[in-house]
Every structure is written in C-alpha cells, then in structure tokens.
There are 2 protein chains.
Amino acid sequence: MLHIVPDIDTSETLTERQKAVLDAALRLLVEEGDQLTMTAVARRASCSKETLYKWFGDRDGLLTATVQWQASKVRVAPVDAKGLDLASLTASLERFASDWLKVISSDTSIALNRVAVGHAGSGKDDLGAVVLENGRFALARRLKPVLEAGRHAGLLDFADAETAFRTFFGLVARDVQIRLLLGDRLELTEATIGGDAVRATQQFLALFGAKTGPQGL
Amino acid sequence: MLHIVPDIDTSETLTERQKAVLDAALRLLVEEGDQLTMTAVARRASCSKETLYKWFGDRDGLLTATVQWQASKVRVAPVDAKGLDLASLTASLERFASDWLKVISSDTSIALNRVAVGHAGSGKDDLGAVVLENGRFALARRLKPVLEAGRHAGLLDFADAETAFRTFFGLVARDVQIRLLLGDRLELTEATIGGDAVRATQQFLALFGAKTGPQGL
DNA sequence: GCCGAACCGTAACGTACGGTACGGCTTGCC
DNA sequence: GGCAAGCCGTACCGTACGTTACGGTTCGGC
C-alpha cells in the first residue's frame, strides 16, 4: 500500500515462491492473529511444514520473516523539498498525516502491531524492534527533512526536529492507534482521515509556524 | 498508585484472600506477560489450581479478574473545578498530563496493555474493552469537566470537548505508549515527565486558550 | 529414460499446559 | 469428639501444537 516502490532489498534473497508463502502467512496473521499455527500456514500456502521449517527455521523465524516482508512492501515515495512555500509544506504535512492514519488503521498494521506488542515482553525475538523501525522511526526519517526544509525556508520555527516531529506525531495519531489495538471499533473513513490530517497540520503550524508573516490563524 | 481511594466497588465481593491471589497473578503478569501459566499463578499465590478454577472459572476469567482488580486500584481523586483561574487550570492540566504519563510508563500498565492488545484480536474475552474503559475513557471522563469548566470561565475556547480532549491526549502521550508497548527502551524520569507535562499543557493552551486576554505565548 | 534435489502431504513424536480428581489438612460448628 | 466445608498440594488426563520423519511426486539436467 501507499506507493509501493520495488526497492533493492525488497527481494532480500527471497524467491517468488517464498514471497507467496509469506503473503499467505500475512493474510493468516491478519485473520487469526498470533494464534496462527504452522499447520494452518502450510495449508494456506499449499506447502509442507517441512519446507516452512527449512526456510524459516522455526515459528518465530516465520513470524519475523513475515513482518519484515510486509515492512519491505511499505516504502513510500520521498517528498522532495525544493521550492518549498507554505502551501506545499502544508500539503506535504497533510499528506504525511493522511498516509500515517491510513497505515495505522489498516487491518495489516493492526495485526502486525498486535503480534509485535504481544511478543515484546519476552525477548524471544525482535518483532517489536522491526515494527518500530519500519513504522514510527521510518516516519521520522522521512518527515524530518521536510521539517528542516520548512525551517530553512523560514516557514517553521523549532529548536529540535525530534521534538517537533513527536508533537506532530501526537497531533496526528492521538488515541487512534491504542484504541484500534485494544479492539475499539473506530471506523476511519476517507473523509475522517482527510479532516484529521488537515486539523493536525493546522494545529502543528499554529504551534511551530514562524511568526514572520500573517500566521494569525 | 496515584491516590488510591478505597472505593465502594473496590471490594467487588472479593475476599482478602482472593485479592491476594489476584495481586500475585498481577505480579506474575508483569514478569511473564501473557505466557504465565495457571500452575505458576497457583504456586506464586500459594493456592491450588482447583481454587483458581473454582473462583475464576478458567484462564480468561482469571486474566479478566486480574485486569479489573488492577483497574479498581487506580481511582484518582477528582479535581474540583471551583474558583478556576488560568493558574489553577494550568496546574490541573499539568497534573493530568503528569499522572497519565506515569501510568502509561509503569510496568503494570505496559504489561496489562500488552496482554489486552494480544487478546483483542480473538473475541475470546473483553480485556481490551476493560483496559480502554479504565484507561483512555476514564481519563476523558475525568478531564472533560475540567475543560468544560475552563471554557465556562472564559479560559478555553473549543467547540467539542471530545475533540479538545483527544488533542490534549495526543500532545501528552505522543509516541510514548506505542514505543513502550513495542519494547522500546524509553526511560521516563520524574524530571522528563514533568517537563513533558508542562510542554503539553502550554501547547494545549496555545491551541485552545481563549483569545481574550494576554494569551500571546 | 534416469538421477538427484526440492517439495508436497501426512503421519508421528514430544511436550507444555489447561483443566480435573483426589487425598490430606485445617477450621469452625454441633 | 465428630463432621462438613474449604482449601492446599499433587498427580493425572486430554489436547493442541511445534517439530521431525518419511513416502510419493514433480522437474531440471544429462
């Protein structure tokens, strides 16, 4: 989703067949959550359990490979930061907010985050780290250059890009992710997401917009 | 934690022995996460498995009772809303922010939320609903009267208390909870929490403070 | 056509754990 | 004292599932 870019490490020495198996595992993970069984994955993927173990080692290996496989699919197109004015900055921020809301409200993201959260307690694997790295931290890496460019163009005023990013993150996500993870029915329509993206962006600009200029509202 | 109030429904027809057993289960839940076993709980609580099943029905019943038992312990003292001025409103908001950050960064909260998130997928029980009801929604119920009082006193300006609350929630929590749930090391010291509470409150007032008066910063 | 590698389907194994049964001990009541 | 209730400790049962083993099939290379 969100502008798939066939990246270099997307293949990651995975054969097409292996990708298909991981897709099956992913679909099953969305449906069943963490209580999916190796037998179910094998049946869904029309492969043998022996093959699963040969390719992925054990259950945790399969889960990790599945999460990484999904992560490799959600590379978004970078936003170029040339010719930045308030309109384009606003559009970029709204775009980031909208994309992020779509991601965290998707069935796939919810399922993956649930599994990763569940595994985070017992240091058996690093699903939490993988999800975090490809979620919140990847978002920060992509957004910070935009924020820096906005500051350089005199449109934004902040001391620390990290702090500014975290505020933006909070304004966008609010209670959405934790409510969805905890099972709250919270249907985010296209319109709702769009409105929330605009609101969050306006609030962010109100807090961090440079005072030079008619920034009254 | 946070000003325990011996409430009416705290007992909830639980004997002292049962409370002790649930405390043991809670401690084990923090240590082991969702893979705690009934045998381990019985051993830790020095009771028999037969007793666990008699009292709580099955494993899910024990988990639910444990979560509810913890929830019954975190009733906070309500903030009175008389004689409200900007200083006391600011203090109240900072207090809410600080308390909430302490809650979501506590080992107990993290463990409970992890278990609830893990169970949210399969409609076996309603741990997610319980956690949500005693967490995010309880916070809203307590904070909204303060916001309404602030608006009535001419200190705040917002159309919808729910929307205002969610923005405050986002400004306070930001990425903290999801990072902690996913296993990110993120040590929140007393000082950090205090600073974040002040920052979030100032940002909230900048967004929703009434324009009448010297509200320039 | 033959061989080996890879893989499918399925059966089998071992174990961990939820749930149950039971003997023994304490406690309160007659 | 006798008795019943409640509970502890432990042994036990059944099952689900991770993991392994194996026979049968496909397929590329010679």
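In what follows, chains are A, B, ... by sequence order, proteins preceding strands, each numbered from 1. The basis for the numbers below is simple: all heavy atoms, side chains too, and nothing from hydrogens, waters or symmetry mates.
Between A:D23 and A:K73 a salt bridge is recorded (basic side-chain N to carboxylate O distance below 4.0 Å). The pair B:E32-B:R114 fails the salt-bridge criterion, with no side-chain N (NZ, NE, NH1 or NH2) lying under 4.0 Å from an Asp/Glu carboxylate O. For B:D184 and A:R136, the salt-bridge test fails: no basic side-chain N is under 4.0 Å from an acidic carboxylate O. Between B:R95 and B:D99 there is a salt bridge, since at least one side-chain N of the basic residue sits less than 4.0 Å from a carboxylate O of the acidic one. The existence of a salt bridge linking B:D107 and B:R27 is excluded, since no basic side-chain nitrogen approaches an acidic carboxylate oxygen closer than 4.0 Å.
As rounded to whole Å, 11 Å separates atom C1' of C:dC7 from atom CG of A:L52. In this structure, B:K124 places its NZ atom 11 Å from C1' of C:dG18, rounding to the nearest Å. Regarding A:Q18, its CD atom lies at a distance of 12 Å from the C1' atom of C:dA6, rounded to whole Å. Straight-line distance from the CZ atom of A:F56 to the C1' atom of D:dT19: 16 Å, rounded to whole Å.
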message: With side chain to side chain donor-acceptor pair (under 3.5 Å) as the criterion, how do A:S106 and A:S109 come out once you've worked through the C-alpha distance, each side chain's angles and the decisive distance to 0.1 Å?
response: CA-CA 5 Å; A:S106 69; A:S109 167; 4.5 Å; no
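Exactly one residue among B:L29, B:V67, B:V41, B:T66 makes a side-chain contact (heavy atoms from CB on, under 4.5 Å) with B:L22. That residue is B:T66.
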I'd like a table of atom pairs between the protein and nucleotides 22-26 of chain C - only N or O on both sides, under 3.5 Å - with the distance next to each one.
{"from": "C:dC22", "atom 1": "N4", "to": "B:E50", "atom 2": "OE1", "distance (Å)": "2.7"}
{"from": "C:dC22", "atom 1": "N4", "to": "B:E50", "atom 2": "OE2", "distance (Å)": "3.3"}

Could you run down the sub-3.5 Å N/O contacts of the protein with nucleotides 14-18 of chain D?
{"from": "D:dG18", "atom 1": "OP1", "to": "A:R59", "atom 2": "NE", "distance (Å)": "3.0"}
{"from": "D:dG18", "atom 1": "OP2", "to": "A:M38", "atom 2": "N", "distance (Å)": "3.0"}

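Between B:R17 and A:G57, it is B:R17 whose nearest contact on DNA chain D lies nearer the 5' terminus.
A sub-4.0 Å separation between OP1 or OP2 of C:dC17 and a side-chain N or O of B:R43 is absent. Regarding contacts with the backbone of D:dC7, every side-chain N or O of B:T51 stays at 4.0 angstrom or more from both OP1 and OP2. Dashed line: the shortest gap from a side-chain N or O of A:W55 to OP1 or OP2 of C:dC7 is under 4.0 Å.
In terms of modelled atom types and a separation under 3.5 Å, the side chain of A:R59 and the main chain of A:M38 share no donor-acceptor contact. A donor-acceptor pair under 3.5 Å is absent between the side-chain atoms of A:T192 and the main chain of A:L188, judged by distance alone.
Partners of B:F208 under the ring pair (Phe, Tyr, Trp, His ring centres under 6.0 Å) rule, at least two apart in sequence or in another chain, are B:F204.
Side-chain contact annotation: B:S48 with B:T51, donor-acceptor N/O pair under 3.5 Å present.
Between A:R142 and A:F96, the closest side-chain pair of non-hydrogen atoms falls below 4.5 Å.
For the helix from C:dG1-D:dC30 to C:dC30-D:dG1, the angle separating the two terminal helix axes comes to 0°, with each axis derived from five pairs and the value rounded to 10°.
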Only pairs under 3.5 Å count here: list side-chain donor-acceptor contacts from residues 165-173 of chain B, not counting sequence neighbours, and write none if there are none.
{"from": "B:R166", "atom 1": "NE", "to": "A:D175", "atom 2": "OD1", "distance (Å)": "3.0"}
{"from": "B:R166", "atom 1": "NE", "to": "A:D175", "atom 2": "OD2", "distance (Å)": "3.4"}
{"from": "B:R166", "atom 1": "NH2", "to": "A:D175", "atom 2": "OD1", "distance (Å)": "2.9"}
{"from": "B:T167", "atom 1": "OG1", "to": "A:Q203", "atom 2": "NE2", "distance (Å)": "3.4"}
{"from": "B:T167", "atom 1": "OG1", "to": "B:T163", "atom 2": "O", "distance (Å)": "3.3"}

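For the contact set between residues 21-34 of chain B and DNA chain D, defined by any heavy atom under 4.0 Å, there are no members.
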